[in-house]
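As structure tokens, the structure follows; a few thoughts come after it.
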Amino acid sequence: MISRHLSAVGPRIRMLCMGLSILQGDTLPNTTSKTVLRERVYASALDYFARRPLFPTHKGSDLREDINTLIKFFNLMHQDKKYLSHSVVPFSATTETDAQHSLGLSWSAGITPENIAKSKWMVPLNASISGYSKRSASRPDLYHTLNRIADCSVNKPYNRGTRKSTNTSSGYVKEYIKKRNLILTFVASLIDSMITWHNPLDNPERKFPDDDKVTLWLNQPIIEKTWREHLFIYLSGKTWREHVRLSWDISPLLAVYLPLRFTNSAMVSREVRRLVRLNPGAVSHIPEAVHFLVTPQSLEAEAKEIVHILTWCKISPVNALSYFSRQYPPHPLTAQYAVRVLRTHEPESLLFYIPQLVQALRFDTMGYVTDFILWVSKKSQLLAHQLLWNMQTNKFTDEEATIKDEDIGDLLDTLMDNIKKSLSGPALEFYEREFEFFDEITSISGRIRPFPKGPERKKACLDELKKVKLRPVLVVHDVIYHLILKLFADKAPFLANFKVQRCGVNKLEELGLGHNINVSMGSEYWQACIFKVGDDIRQDTLAIQFIEMFKNVFQQSGLEIFLKPYRVVPTAPGCGVIEVVPDSKSRDQIGKETDITLHQYFIQTYGEEYSLEFQNARHNFIVSMAGYSIVSYLLQFKDRHNGNLMLNKQGHMIHIDFGFMFESSPGGNLGWEPDLKLTDEMVMIMGGNMEAPPFQYFLELCVQGYLAVRPYHEEIVSLVSLMLDTGLPCFRGQTIKQLKYRLQIDKSDRQAAAFLTGIIKKCYLSFRSKSYDMIQWVQNQIPY
């Protein structure tokens, strides 16, 4: 098998270009040899697209060379049409002698018409793509063109398009033209996507020769519209249907990924959905195909093919949990399947989805999620503790724990009791040790609140902390050994430094249960945490989930974009623990200490602009600005004043405090702030204007990161959908609709890139950002 990774597309396409050059030259005068070679070239070209689309992990000259190779292949494939009628074998020879002469083979070498079909160099087209094709399954020895070449006794070619036989070679020619058109469409889409990635800002100097031919091919149905507009729309839809059906005939695996490649064609999704529902068994091994089998409409209609979901392959935890959300009506088959999938995932991977797992109980009409939570709580004590904290937090809808959630409040009470009752021995001691410590630490905030802010409250906090019994316990994923105080104010949150050692989740659980006491530990370091009381930090938890998810996406795409997720654990209504970003200061704090601009602060801290230290800090600033700009836009972070923007020692800009996101904003949801914050002092660090190379690099990273995130729109929407009924103020009825619009799901990569570029230009030096900072200065003395 040739690798289908995008980094390997260059060598594959260069090989195919060589094959097409041979076909279109005089090297192979024998028409049968040309037909065999053409079949293998077409097969290898289609084989590449039998996977989920990827974005390039290579860049620069390497990426440009691959794009040029693809354009060359596109041109060769485009002109291959005029060679088809001269290269196809209309078999009329039925004797061994004619067959021997036609194929250029010697029977004395042991090659006969009977074993030609069995030879490895004549594997059917679908064999290199998928182990299943409905035609190859019913006729394993016959597969259109190649099979007719091998079976010399048959002289009537099979015309797939009309399902009839013909006495001429026109059937073969039509078959190849259909496959050629499909390959051209695939390759044009890939070229367009790679060019957009390579040149996200559409700079004229970075354009490619002949790329206009590719664009013309992709947009041909639109460009050719005349006064017969409706007729062209109909013909365009028919063309897409033919592409989907041909892809399915070649391999269902090839067809299933078509909607991910051609997101701007609703016809593709509809046709793939129809074919999947007609033959679910053909694609039950493909995780992405489950979305075409199971839809809200098919569940409501009790479609008979839904039963196939019980034998479907494994999908991601968030997609499994989505069957217990508003996205789908409750159904026993989807519930059974989702729980079966969740049981196959390791408890460590489920830690990420704790909030969604608890919220799935709202739609657990048959008790499947309840049983799963009880089962998985016995598999992992750390997971059980996180579940207990989250249930305790979501049992009430207010921060004072006075209004119980009508939907799941009583159920959470029962579940928490059952989980605690199942604990015994070391597990019970582990639970008591950890929860007693957190209760003891968190309660300090309430006891020091009556004291006036300032030295008296600080002294009271120190006195209370001295009473805390020091013992080895667990904070999120770490082990606490000592405790030291540092601050705080307002509702009496306080910051404490803990001396910790990192050991990993599995080893941590063994240590907590008293197993393997000699487990190896990492080096000791200080970790600061803020203990909050009277603040609902569930929105912060959701924001950090997305930041961590996007960080993983950027890493997989090979992007230099920086994000710094930190841990946030709600432990009770209005209570929780927040990890402090290490080695960092807020922009507010920098302003109070220095009274200079951010650009001047960079020069003061890292040296003049030409110095290596400044250039490294600028680079770190740009890659972090790009990451948080993408997240800020998609999640609509608001209240982005200078107290919520941190700068670490390396120059990275880090956002904290996500009390306003999605549909909520300060000032009674006034929505005054722009989609993302891009002030003059930020721009000054990035070159001073939009045409400066550093700022252009920032723009490119933003577009590339945005394009990398869009293919995961189903997971993003599912994460949010599961949280819609929590009562959080960020959800006001239009969250999913607006989120899908920001993701531009139904647009091509080129269209999405232009869309985000327009958003950033609109936010560039926005007066609304500046005026909001001025308001914060007047109201809260936060410098700007």
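Quick note: numbers below take in every heavy atom, side chains included, and nothing from hydrogens, waters or symmetry partners. Computed from a predicted structure; not experimentally measured.
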Is there a donor-acceptor pair closer than 3.5 Å between any side-chain N or O of [X] and the backbone N or O of [Y]?
X    : Y    : value
T735 : F731 : no
D540 : F658 : yes
N669 : S665 : yes
Q392 : P573 : no
Y601 : R587 : no
D536 : R538 : yes
R640 : K677 : no
E579 : R567 : yes
S766 : K762 : no
Q539 : G659 : yes

For this session: Quick one: which residue pairs count as a side-chain hydrogen bond (donor to acceptor under 3.5 Å, both in side chains) with a foot in residues 702-711, not counting sequence neighbours?
Result: R710-D749
Problem set entry | From CA spacing to verdict: ring pair (Phe, Tyr, Trp, His ring centres under 6.0 Å), F621, F602 | CA-CA 10 Å; F621 183 81; F602 264 61; 5.6 Å; yes
Cut-off 3.5 Å, side chains only: do [X] and [Y] have a donor facing an acceptor?
X    : Y    : result
E681 : Q600 : no
N620 : N616 : no
K638 : Q636 : yes

Exercise. Could you walk me through whether R362 and D407 pass the salt bridge (charged side-chain N to carboxylate O under 4.0 Å, His left out) check?
Worked result: CA-CA 6 Å; R362 295 182 185 276; D407 296 329; 3.4 Å; yes
May I ask you to decide whether [X] forms a salt bridge with [Y], counting only side-chain N to carboxylate O separations under 4.0 Å?
X    : Y    : answer
D588 : K592 : yes
K404 : D413 : yes
E464 : K467 : yes
D725 : R326 : yes

Ring-plane angle category for [X] and [Y], please: parallel below 30°, perpendicular beyond 60°, tilted otherwise.
X    : Y    : result
Y628 : H655 : parallel
F435 : Y431 : tilted
Y633 : F755 : tilted

Does [X], at its [atom1] atom, have more than 12 non-hydrogen atoms belonging to other residues, nucleotides or ligands within less than 6.0 Å?
X    : atom1 : answer
E593 : CD    : yes
Y697 : OH    : yes
K395 : NZ    : yes
M690 : CE    : yes

For this session: Apply side chain to side chain contact (heavy atoms under 4.5 Å, CB included) to T726 and L542, showing your working.
Result: CA-CA 12 Å; T726 54; L542 182 60; over 6 Å; no
For this session: Show the numbers, then the answer: is there a ring pair (Phe, Tyr, Trp, His ring centres under 6.0 Å) between F695 and Y764?
Result: CA-CA 11 Å; F695 194 89; Y764 176 75; 5.6 Å; yes
Exercise. To the nearest 0.5 Å, how far apart are CD1 in I654 and CG in L563?
Worked result: 9.5 Å
